[in-house]
Amino acid sequence: MTATPATSATTAPAIAPAALHDPVIAWFDAHARDLPWRRPDTGAWGVMVSEFMLQQTPVARVLPVYEQWLARWPRPADLAAEAPGEAVRAWGRLGYPRRALRLHGAALAITERFGGDVPREHSQLLALPGIGEYTAAAVASFAYGQRHAVLDTNVRRVFARAAAGIQYPPNATTAAERKLARALLPAHEPTAARWAAASMELGALVCTSKNEDCARCPIASQCAWRLAGKPAHQGPARRGQTYAGTDRQVRGKLLAVLREAVAPVPLAVLDAVWEEPVQRARALDGLVADGLVEPMADDLYRLPLT
DNA sequence: CAGGCGTGGCC
DNA sequence: TGGCCAAGCCT
């Protein structure tokens, strides 16, 4: 099954799963990064915090914030006892600050509904704010050693190439990808958990989006995409991200001021971050609507106390 | 379900 | 230089 079209992902895997597991896991044993959330003394809370921070954010930027976060809030109940605005402030410049709010909300729910312990069930994790299909599987697998298909952008890219023979996965996760991921999952629970971490790391370090390093890939000899001559991406253009001049940029500037402030900020100070008044007002309203900013009397604003 | 949502480093 | 990219989630 070389030079396979994208639809081939719906069929049985081209490769015997077992022929993939051993080399990828062996490669992981030799080359896995020593990341703090992978250390044996890391509890489920640490894993969960790392997963929130790593959503759309590179490891290098997460590391220092992660360490400070866990030192300050070593258990979910510690974070739950804080004002949500403190989570937003401690989030710093990681980006997508709604994640901080959702992590705080998740800590609150864990404290109230699960006695302060991160739940083990995928369905219970999925019900927490900020946790979707990927993060629920990741926490269940990495923190609790369970057998779940962990489909992040790295794994999806590895599977697209190795099994489907295409350069990039579809824009949105498809049923075919889930089916393939389940078919490739080792039956043995601890092996499945190891495989999840290993296949993700392979995508992060070797089978990267650009400049993939097939010479260091443990399954290069089996990779459908490489065997097909690495054909260029055919399908619809991949979703890009605009930023300059968008509301997002304005929101970022407004929130940066509020994060640094130790006292409520006058509207006049916020007005200074962006020239255009209509967009500026829309951005501020959006932050308030999202619960990231709390309006007070006398045109004063602050990070949310509740 | 396509689009909104931050930030900074890299080639 | 600037578009692309980085362990997604939510509506």
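By convention in this document, chain letters (A, B, ...) are assigned in the order of the sequence lines, proteins followed by strands, and residues within each chain are numbered from 1.
Spacing between C:dC9 and B:dG8 at atom P, rounded to whole Å, works out to 23 Å. Distance check on atom P: C:dA7 versus B:dC11 gives 15 Å, rounded to whole Å. Taking atom C1' in both B:dC1 and B:dC5, the straight-line distance is 16 Å, to the nearest Å.
When the nucleotides C:dG8, C:dC10, C:dA7 are ranked by their closest atom to the side chain of A:R102, C:dC10 comes out on top. Of the candidate nucleotides C:dC9, C:dC4, B:dG6, B:dG6 has the atom lying nearest to any side-chain atom of A:Y96. For A:R61, the side-chain atoms get nearest to B:dG6 when compared with the rest of C:dA7, B:dG6, C:dC5. If you check C:dG8, C:dC4, B:dT7 against the side chain of A:Q241, the one that comes closest is B:dT7. Taking only side-chain atoms of A:D247, from C-beta outward, the nucleotide of C:dA7, C:dC9, B:dC5 with the closest atom is B:dC5. You'll find that the side chain of A:L54 is closest to C:dA7, out of B:dC5, C:dA7, C:dC5. When distances are taken from the side chain of A:R251 to each of B:dG6, C:dA7, C:dC5, the shortest belongs to B:dG6. For A:R93, counting side-chain heavy atoms from C-beta on, the closest listed nucleotide (C:dC10, C:dG8, B:dT7) is B:dT7. Checking B:dG6, B:dT7, C:dA7 against the side-chain heavy atoms of A:R248 singles out B:dG6 as nearest.
Residue order along DNA chain B, read from the 5' end via each residue's closest nucleotide, puts A:R239 first among A:R259 and A:R239.
Base contact: A:W37 has a heavy atom under 4.0 Å from a base atom.
Counting distance only, with no hydrogens placed and no angle test, the side-chain atoms of A:R98 and the base atoms of C:dG8 include no donor-acceptor pair under 3.5 Å. For a distance-only test at 3.5 Å, the side chain of A:T57 qualifies as a donor-acceptor partner of the base of B:dG6.
Test A:Q68, A:E82, A:H104, A:E86 against A:W73 for side chain to side chain donor-acceptor pair (under 3.5 Å) and you get one pass: A:E82.
Below 30°, between 30° and 60°, or above 60°: for A:W91 and A:W69 the angle between ring planes is above 60°, a perpendicular geometry.
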